[in-house]
Structures are given as structure tokens and as C-alpha cells.
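Every chain is numbered from 1 and lettered A, B, ... according to where its sequence line falls, protein lines coming before strand lines. These numbers were taken from a predicted model, which means no experiment stands behind them.
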Amino acid sequence: MIQEQRHNLPIAKGKDALIEEIRKNDVTVLLGETGSGKTTQIPQYILESGLARNGIIAITQPRRVAATSLAARVSQEQNTHLGDLVGYAVRFDEKHDEQKTKIKYMTDGMLVREMMMQKGLLGRYSVIIVDEAHERTLRTDLLLAKLKEIQRKRNGKARTQDDAEKGKGKEKENNSDDSSNPLKIVIMSATIDAEKFSKFFDNAKILYVQGRQHPVKIYHSATSVLDYTDAALRTFFQIHTDSAPGDVLIFLPGQEDIESLQKSIQLFASQLPVSALGVLVCTMFAAQDHSQNSKAFFPAPSGMRKCILATNIAETSITISGIKYVIDTGKCKEKQYLAKASGGGFDTLLTRDITKSSATQRTGRAGREGPGMCFRLYTEEAFNSMSESGEPEILRCSLTSTILNLKCLGEKLEEMDVMDKPDRDSIASALKTLWLLGAIDASQQITPSGFKMSYFPLEPQYACSIVASSTYSCTSAILDIVSVLSSSSKLFVDISDQREAVSDARKKFRHSSGDHMTVLNVVRAYREIGEGESSKAAKSARKEWCRKHFLNERSLIEACDIRKQLVEVCRRVGMDASAAVKENGKEREEDAVLRSIGHGLAGNSAFLQPDGSYKQVIGQTIVKIHPGSALSEKKVAAIIYDDLMYTNQIYARGVSAISKSFFSSHPVFNQRKA
DNA sequence: GAGCACTGC
């Protein structure tokens, strides 16, 4: 049955030709639409062909769930237990066997980490497949740059196309078996940017694999749309009243639009005649809890049409079945980091037009199971003027962490052969931040504490706080705080229509110094819940406690995993992870914690101005404390903050008060004054 | 006194 399915995939027909090309070329760029089966089949073809006899076939993915679920699927196809022949490796979760595993699905981050930590040539892998390369995540870009370099070293001097083609298959292979350990690279991408990948790898061969998509009829607006939520509302009811059954997926930029459209659809739906088809509205966005998001997966009850309002979470990360109609507003929100050469910078999160590649992806969501329709709330002209694809992440995020990791390898980002080079301001800003953290010295050499920081899987700011905490003997508390701050979900849940209850619940944990100590209060309170009870009772007690206090338990559970990992790193770098302030009680602890955090966030600081606003210590920008912060209504002489976000104003988030005297005792700020 | 796409070590 499974074998039959494998055989029927569009890619199966081209199997022999594909393998032949991969055999002939060191680098292959494989273009395949969704549904081609490339991600599950190519690794198996390579395995069966014996091309990877000497080592492991690694397939990198940008997302954790993809890596684990693909591994499960492929190991089933191979009729083996997950973790034997086919395994996976994502953070906190690895299932593979030193001897048995030949196909390993992993996140690109894991492979980058392996490269950075082991400093070798990834000798255990004979084929590395970089999947979803078109997404151009920061990690994918770094991986491609390093793989290119590693391959040159492992395969000897760069072979020319001619050499590769003349190579008499087996002879050549046998020779290299004896003398070296060559590496094959396969880049997999959706239809765009193939040329660019090919060029980057010295005109690598591009192969095309057909996908299996049902036709989707596209309708553009005749005139440009001013109010896209209103247009979405009208379009939805037009579909609802005129068109055949089938669920509707509406792409919107953010939570706010989703919630307002949800209300209006429900209002209009309630006025439909009783005999009409009902409407079930589901919402989907990252900040919403998991259980709420998962409601979109259940089929609508009979007599109802399901309408899903989603952000671009439904564009790549999540696939919902049953979608026949897509309404695309053509908008999304994108985070962009604005670096300042003077140091620091801030994120902006603004609504903008999507790219052609996103539009195509969104449209495709209507044709997964049968023919569909896509209503674009923008003109065809507007579509044509969209940019092909988004800016690669390396050009729009902070490079502090990347540059520190490269420093460990003795490399410079500006000298690396990456597909898109970040601008000088962005690099200068990161270097300045690293210098402030004491990770590099004035001559840009990595320092001993910089080495320590790089071992922590954290933003250098937080790694710095941990390293600093040993001076103040409060490492344990810092680990508590930092693990929550670096968890991927938010600690405090926002439920817009229960705002008051939420803010009441939050008051219980509020610490007068600000958000960092508040987080510590929450973690400590959470840890006490269910103590001494059976594990099952404790689990449900914690769950109930989180619900009652509007806390996101996912964040606390993930923080717990992160903390364990950080404790292990502390041990490796010779730090006492259990260090805690004992004598003189709470005030001493608060001071120690804020000073430790302050070392990491010294560059993220602002002083109160006479007019009541806050002005950055470095950068001179006026910032406002985010209303969600414990300090939002207070005026204190000096603040430190986790980050800045520009939406309507420049907001500082994750804010704590710090004494101005901290800055005169800080090595860098002190020096500046002198 | 106001609002936040998505990943990852």
C-alpha cells in the first residue's frame, strides 16, 4: 500500500534520471512544487542507489515539526522503526542511531550548530540536502556558505563541469573512496530563485520535478481595494451565498484584523435566514493558544461552512485540509531589523504587501485536494508589480549572534562567501554590541568570556547575563529568567475581551523593579504548584493554575527544557548553575539579578528626560515603555529593556529599572566617560 | 494607556 503510494508520486517517474544527475554532479539544484514528494523520496532514492555508502544523508528543514514528521513518514515507508535507519535531530529531541541511521532529517539550526561547535568538515555526512532553500532563513544561508567551502576542501580542488562529466562513474568513485570523503549537496527549492542557487554553486545543474496541484482559478480585483477587511467580508459572503460547499481560508496580516473580521462575519452570519448554510469561524495566529488554533483542523459540522481567518501561519507552517476557496488580502506583517552603525537598532513590524512567491503559495492552498478558487483583493497590476520573493533573513535581522559564532571559528562574516552580503551598518552594529558585551575586544578579537557566551544557545545579550551572574552569585535566578525570555511562546497570554481579568491576574506577580523580576516571580510560583503531589495531579494542577492566571504553560514548559540545556552548558564552561544569593535576602538578590541582566542589556538602556520621556543611552532615540510592561506607568531614572519594537511608536519591551550608578561601574560605560 | 508575522540553537 505504502509502496504503491510511493510509486504513484509524480517524482517516481524521474527517479533514475534524477539519481544519475545527482551522481554526476557535486551540487544539484532541485526545483519541485509542493506535492512532488521530493522531500520524502530523494533521500530514499539516494540511499537505494548506494551514492551515500560511506556516510549519512542529512536533510535540513527550517522547521522542527517538518523534520520530525518527515522522518516518521519516511521510516514508515522504509518499514523500519523511527530512529533506526531513518532518524531526526531537532533541539530537545533527537532520535537517531550512531551505527544504523543513514537518513537524518534535521533542522538547519542543528546542522549549523554542529558546524560551529565541531569546527570540522562534517565528515560523517556524505550527502547533505538543504530543503526549502527558497525560504532563505539566516541558518540556511550560513549553511550554504559553509557547505560550499567544506565541499571544496573535501572534494579536492574545485572540479570543473567537464571533469565531472568525463568522470567514469565507478572508477572515480572508487578512487575517491580511498583518498577522500567527498560531499554531495542537493539544494531543494520551490520554483523561484533557482538560478541564484545555481550561480552560487558555480552554475550547478538545475533539475525540475513536477508537482501535483489541482487547478486553482484566480480572480483579481478590478479596482484597487482600500479597506481589505471590508472587501474580505463581502467576498466571503459572496462565496458563501453563491458557491458550492467547501471551506474558505482568508489570509490577513495580523491578530487585530483577524479579530475584527471574525466579529463582522459572525454578525452578518447571524442575520442569514435559518435555512441558509451556517458559518463556523476559526481563527489562527501564532499568539493564540494552541487549542484555539487547532479548532481549525476539525471538519465543520454538517450544514456549516468553515471559514478560517489566518495570518501567514497557514501559508507554509500549517496545512489545513478541506480548503476550496482562498481569499488573499495581499498583506502581511514582516519584522525588519533596522541596524544602526552606532550600535544597537530596533525591529519594525509593519503591514506591507506580500511577494509574488507568497501570493502563489497562498493561492496553492485552495488546490490541495481538488480544483479551487482564489480571490485576490488586489488588482492584477498590483500582483505584477510585487517583488518576486522576500528579502533573505540575513539582510533583515540582527547579526550579533551569528558574528559571535563565526568569531569562534576565527571567521569574519564580511569575508564569507554568502549569497547576499549584509550591509556594513548591520555588521558594524553587531560588532559594537559584542564589544559592549565584552565578547570581543577593541581589536575585534574574541575574548575568553566571548567564547563562553558562544556556547550558550541564546542571544549573546542573555548569554552575557549568565556569564556575568557568576560575579553576583545569582546564576540560578538568571537561568530562570533567561529561559523564559528565550522561549518561543509568550509567557503572558492576551485575550482581548478579558483584558481586565488578565491585568488583575498579572498584578499578583508584578515586581516593582519591572519585568525581569516579575518573570522570576512567575517561574518560582509555577514551580511550587503541585509540589508533593503525584505527577498526574501535579500536571493538572499546573495546567489549571496557568489557566487561572492567564499564563501560557507552553512557554513555562519550554523554558524548563531550555533551562536544563543551559545548566548543562554552565557545567561545560565551568560555571556553578546553582549559585544563588543567600545572605541578606531579597533586596540583595534583586540587585544581583538586575546587575547581571544589566550587563547583557547595557546597550539597551535609556535615561529619563526632564520632559518625562526616555532617551537611549546609546543611539539617542526617544523610546516609550510598552503598555504591557510592569513599568509602563512609572517614571524611573534609568531603564534597561529586552528589545525595541516600532509599530506606531518605538516601544521598549521587557523593561526593568536600574540604578544609574550601574553605568559608572560598568567597564565600557566607565571607560567612555574617562 | 495600547496591540505583536514566522522560525531556530
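Taking the side chain of A:P627 as heavy atoms from C-beta on, and the options B:dG1, B:dC6, B:dC9, the nearest nucleotide is B:dG1. Checking B:dC4, B:dC9, B:dG1 against the side-chain heavy atoms of A:T107 singles out B:dC9 as nearest. The side chain of A:E633 lies closest to B:dG1, out of B:dC4, B:dA5, B:dG1. Proximity note for A:K333 (side chain, C-beta onward) versus B:dC9, B:dG3, B:dC4: the nearest is B:dC4.
Looking at A:R64, its side chain has no donor and acceptor atom pair within 3.5 Å of the base of B:dT7.
Put simply, the residue from A:D643, A:D642, A:D347 that forms a salt bridge (charged side-chain N to carboxylate O under 4.0 Å, His left out) with A:R653 is A:D643.
To the nearest angstrom, P of B:dC4 lies 9 Å from CZ of A:R653. Between the CZ atom of A:R572 and the P atom of B:dC9 there is a distance of 15 Å, rounded to whole Å. Computed from coordinates, the A:F285 CZ to B:dC4 P distance equals 12 Å when rounded to whole Å. Taking atom CZ of A:R91 as the reference point, atom P of B:dT7 lies 15 Å away to the nearest angstrom. Residue A:E114 contributes atom CD, which lies 18 Å from atom P of B:dG8 at whole-angstrom precision. Put simply, CZ on A:R63 is 11 Å from C1' on B:dG8, counting in whole angstrom units. Separating the CZ atom of A:F251 from the P atom of B:dC6 is a distance of 12 Å, rounded to the nearest angstrom. Here B:dC6 presents its C1' atom at 13 Å from CG of A:D108, a figure rounded to the nearest Å.
Within 4.0 Å of A:I562, counting heavy atoms only, lies no atom of the nucleic acid at all. At the heavy-atom level, A:V112 lies nowhere under 4.0 Å from the strands shown. Within 4.0 Å of A:M110, counting heavy atoms only, lie sugar-phosphate atoms of the nucleic acid but no base atom. Within 4.0 Å of A:T137, counting heavy atoms only, lies no atom of the nucleic acid at all.
Taking side-chain N and O atoms only, A:Y651 has no distance below 4.0 Å to OP1 or OP2 of B:dA2. OP1 or OP2 of B:dA2 has not a single side-chain nitrogen or oxygen of A:N648 nearer than 4.0 Å.
Between A:H134 and A:F197, the gap from one ring centroid to the other reaches at least 6.0 Å.
Residues A:S629 and A:D515 bring a donor and an acceptor atom of their side chains to less than 3.5 Å of each other. A:T60 and A:D131 share no side-chain donor-acceptor pair at under 3.5 Å.
With the nearest nucleotide of DNA chain B identified for both A:Q649 and A:K335, A:Q649 has the one nearer the 5' end. Both A:P253 and A:S486 sit near DNA chain B, but only A:P253 has its closest nucleotide nearer the 5' end.
Side chain of A:K635 to main chain of A:G612: a donor-acceptor pair is present (N/O by atom type, distance under 3.5 Å, no hydrogens or angles).
A salt bridge links A:R124 with A:E114: the distance from a Lys NZ or Arg NE/NH1/NH2 to an Asp or Glu carboxylate oxygen falls below 4.0 Å.
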